[in-house]
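Here's the structure, in structure tokens; my notes come after.
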Amino acid sequence: MPETGASPLPQTPPAHSPLFRAEHFVWLTARVLEQRLFTYHFLNGGPDPVETALDAYRNTDGGYGHALDPDLRGPVSQPLHTAHALRVLDAVGRCGGQRVERVCRYLTSVSTPDGALPAVTPAQRGYPTAPFLPVVDTPPSELLTTGPVVGLLHRNEVWHAWLFRATDFCWQVVESLQMSHPDEIQAALTFLDSAPDRSRAQSTADRLGRLVRDQGLAALDPSNLDGYASHQHHFPHDYARTPNSLARAWFTDDEMSRSLDFLAAAQQQDGGWPTRRHQWAPTTALETRPLATIEALQTLRAYGREVG
């Protein structure tokens, strides 16, 4: 007999389906947080275990640390960790209330003079850090960090004094983008997909879509990658992660279908998906693939693809 109050058994996906194989990979390799997220998204799990796992990364200053973002090791709070935490809270419908009020106080404390966020603050100095995330005394404002945070807070109808200047920063940077790169475009999209001024967001996204195509920032035919490895490219599904994204209009139905076919076929023999993030240490190589796997399954499911 099961114990009184025990959690119900999770739903089991069909054997050998993409979801079944991914579940095996997650139980084999993932941190507790990603195990809880996988269970929430695909096995009828609840949000409480996810939030409990996330709390292990929270610091008393309201920010998050402890390598929540695998590219920054050590205990100290960092904006990138905190952005990651907001993505988790948004995913389980808990991005609000006092927990987010504490986050906004932390964001205020680490903001640059123009009200935006750096990627890494000087507090990271002395801890292992990815070589592409330099630690400097006066770090600049970064759309890569600020855009996703502002977008998620607007998406959840959070209103805090910190958001006013940070939102202005995002508009200024996004509307002035000329030469860009895929990570910056993705950050801009996270902001635009939830920015309160929808007509302004639509027109700005239309311009960014032309920029993406003109500058070749999306591989529109995954079968012809000009000799480069797939991890060196971004594809339509990397920008339009759901059909509701403003980026969906950037691509034809055929381009999106080919992109999703490529994503579905990218599941590896061990059940996980590869990660595009630069692998600079063994631990980060292990920790980033479960994140990529959950994201791939979510994208395929959002477009109605069968995963199990």
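Just so it is clear, the values below take in all heavy atoms, side chains as well, and ignore hydrogens, waters and symmetry mates.
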>> What I'd like to find out is whether the side chain of Asn59 reaches to under 4.5 Å of the side chain of His66, using heavy atoms alone.
In response: yes

>> Just to verify, what does His84 make a ring pair (Phe, Tyr, Trp, His ring centres under 6.0 Å) with, not counting sequence neighbours?
In response: none

> What distance separates Glu306 CD from Leu19 CG, expressed to the nearest 0.5 Å?
Replying inline: 9.5 Å

>> Any heavy-atom pair between the side chains of Leu153 and Cys104 that's under 4.5 Å?
In response: yes

> Are any non-hydrogen side-chain atoms of Thr288 and Gln279 less than 4.5 angstrom apart?
Replying inline: yes

> Between NE2 of His41 and CD1 of Ile294, what distance do you get to the nearest 0.5 Å?
Replying inline: 6.5 Å

>> The test is side-chain hydrogen bond (donor to acceptor under 3.5 Å, both in side chains); show your working for Gln172 and Asp168 and say whether it passes.
In response: CA-CA 6 Å; Gln172 179 182 359; Asp168 288 343; over 6 Å; no

> Got a second to check how far Leu263's CG is from Leu300's CG, nearest 0.5 Å?
Replying inline: 4.0 Å

>> Tell me if the NE2 atom of His24 is crowded by more than 12 foreign heavy atoms within 6.0 Å.
In response: no

> Are the side chains of Ser111 and Leu117 in touch, meaning some heavy atoms are under 4.5 Å apart?
Replying inline: yes

> Within the side chain of Ser199, is there an N or O that forms a donor-acceptor pair under 3.5 Å with the backbone of Asp197?
Replying inline: no

> Which atom pair, heavy atoms only, marks the closest approach of Val135 to Thr121?
Replying inline: CG1-O, 4.0 Å

> What closest approach, in Å, do Leu246 and Arg198 show between heavy atoms, and which atom pair accounts for it?
Replying inline: CD1-NH2, 3.8 Å

> If you look only at pairs with a residue in residues 68-97, which of them pass as a salt bridge (charged side-chain N to carboxylate O under 4.0 Å, His left out), with sequence neighbours excluded?
Replying inline: Asp48-Arg94, Glu51-Arg94, Asp69-Arg277, Asp71-Arg277, Arg73-Glu287, Asp90-Arg155

> Linking I/L/V/M/F/W/Y whenever their side-chain heavy atoms sit closer than 4.5 Å, directly or via other members, would Val76 and Val149 fall into one cluster?
Replying inline: no

> If you look at every heavy atom in Asp137 and Arg125, which pair is closest and at what distance?
Replying inline: OD1-NH2, 3.1 Å

> Phe191: what forms a ring pair (Phe, Tyr, Trp, His ring centres under 6.0 Å) with it, not counting sequence neighbours?
Replying inline: Trp171

> Do you see a donor-acceptor pair shorter than 3.5 Å between the side chains of Asp254 and Thr252?
Replying inline: no

> In terms of hydrophobic clustering (I, L, V, M, F, W, Y; side-chain heavy atoms under 4.5 Å; direct or indirect links), are Val150 and Tyr106 co-clustered?
Replying inline: yes

> How are the rings of His237 and Phe235 set to each other: parallel, tilted or perpendicular (split at 30° and 60°)?
Replying inline: parallel

> Got Leu86 and Cys95 here, is their nearest side-chain heavy-atom distance under 4.5 Å?
Replying inline: yes

> Taking all non-hydrogen atoms of both residues, which atom of Val103 and which atom of Tyr64 are closest, and how far apart?
Replying inline: CG2-CE1, 4.0 Å

>> Quick check on the hydrophobic clustering: are Leu80 and Phe169 connected, directly or via other members, by side-chain heavy-atom contacts under 4.5 Å?
In response: no

>> Rounded to the nearest 0.5 Å, what separates atom CD in Gln98 from atom CD in Glu101?
In response: 8.5 Å

> Taking only residues two or more places apart in sequence, or in another chain, which ones meet His81 in a ring pair (Phe, Tyr, Trp, His ring centres under 6.0 Å)?
Replying inline: none

>> Working to the nearest 0.5 angstrom, can you tell me the gap between Arg58 CZ and Thr82 OG1?
In response: 11.5 Å

Which atom pairs, one a donor and one an acceptor, fall under 3.5 Å between side chains of residues 207-216 and the rest of the protein, sequence neighbours left out?
residue: Arg207; atom: NH1; partner: Leu177; partner atom: O; Å: 2.8
residue: Arg207; atom: NH2; partner: Val174; partner atom: O; Å: 2.9
residue: Arg207; atom: NH2; partner: Glu175; partner atom: O; Å: 3.2
residue: Arg207; atom: NH2; partner: Leu177; partner atom: O; Å: 3.2
residue: Arg213; atom: NH1; partner: Trp250; partner atom: O; Å: 2.8
residue: Arg213; atom: NH1; partner: Glu255; partner atom: OE1; Å: 3.0
residue: Arg213; atom: NH2; partner: Glu255; partner atom: OE2; Å: 2.9
residue: Gln215; atom: OE1; partner: Ser180; partner atom: N; Å: 3.4
residue: Gln215; atom: NE2; partner: Gln178; partner atom: O; Å: 2.6

> If every non-hydrogen atom of Ala67 is compared with every non-hydrogen atom of Arg31, which pair is closest and at what distance?
Replying inline: O-NH1, 2.8 Å

> Where is the tightest heavy-atom contact between Leu189 and Ala247, given as atom of each residue plus distance?
Replying inline: CD1-CB, 3.6 Å

> Once you round to the nearest 0.5 Å, how far does CD of Gln35 lie from OG1 of Thr29?
Replying inline: 8.5 Å

>> Can a donor-acceptor pair be found, under 3.5 Å and without considering hydrogens, that links the side chain of Tyr303 to the backbone of Thr242?
In response: yes

>> Looking at Ser203 and Arg200, would you say the former's side chain and the latter's main chain have a donor-acceptor pair under 3.5 Å?
In response: yes

> Parallel, tilted or perpendicular: which fits the ring planes of Trp159 and His154, with parallel below 30° and perpendicular above 60°?
Replying inline: perpendicular

> With Phe38, which residues qualify under ring pair (Phe, Tyr, Trp, His ring centres under 6.0 Å), at least two apart?
Replying inline: Phe42

> Should the heavy atoms of other residues, nucleotides or ligands under 6.0 Å from CZ of Arg289 be counted, would the total exceed 12?
Replying inline: yes

> Has the side chain of Arg99 got a donor or acceptor atom that lies under 3.5 Å from a matching backbone atom of Gly62?
Replying inline: no

> Does the Ser257 side chain pair with the main chain of Asp253, one donor and one acceptor, at a distance under 3.5 Å?
Replying inline: no

> In terms of hydrophobic clusters joined by side-chain contacts under 4.5 Å, are Phe251 and Ile185 together?
Replying inline: yes

> Does Val158 share a hydrophobic cluster with Val88, counting links as ILVMFWY side-chain heavy atoms below 4.5 Å and allowing steps through other members?
Replying inline: yes

> Within the distance-only criterion (no hydrogens, no angle test), does the side chain of Thr39 pair as donor or acceptor with the backbone N or O of Leu43 below 3.5 angstrom?
Replying inline: no

> Is the backbone N or O of Trp162 less than 3.5 Å from a side-chain atom of Arg165, with the two atoms forming a donor-acceptor pair by type?
Replying inline: no

> Under 3.5 Å, is there a donor-acceptor pair between the side chain of Arg258 and the main chain of Pro222?
Replying inline: no

> Going by heavy atoms in the side chains, are Thr145 and Val120 under 4.5 Å from each other?
Replying inline: no

>> Strictly distance-based, threshold 3.5 Å: is any side-chain N or O of Glu34 a donor or acceptor partner for the main-chain N or O of Leu291?
In response: no

> Does any non-hydrogen side-chain atom of Met256 lie less than 4.5 Å from one of Arg248?
Replying inline: yes

> Okay, side chain of Asp61, backbone of Gly63: is any donor-acceptor separation there less than 3.5 Å?
Replying inline: yes

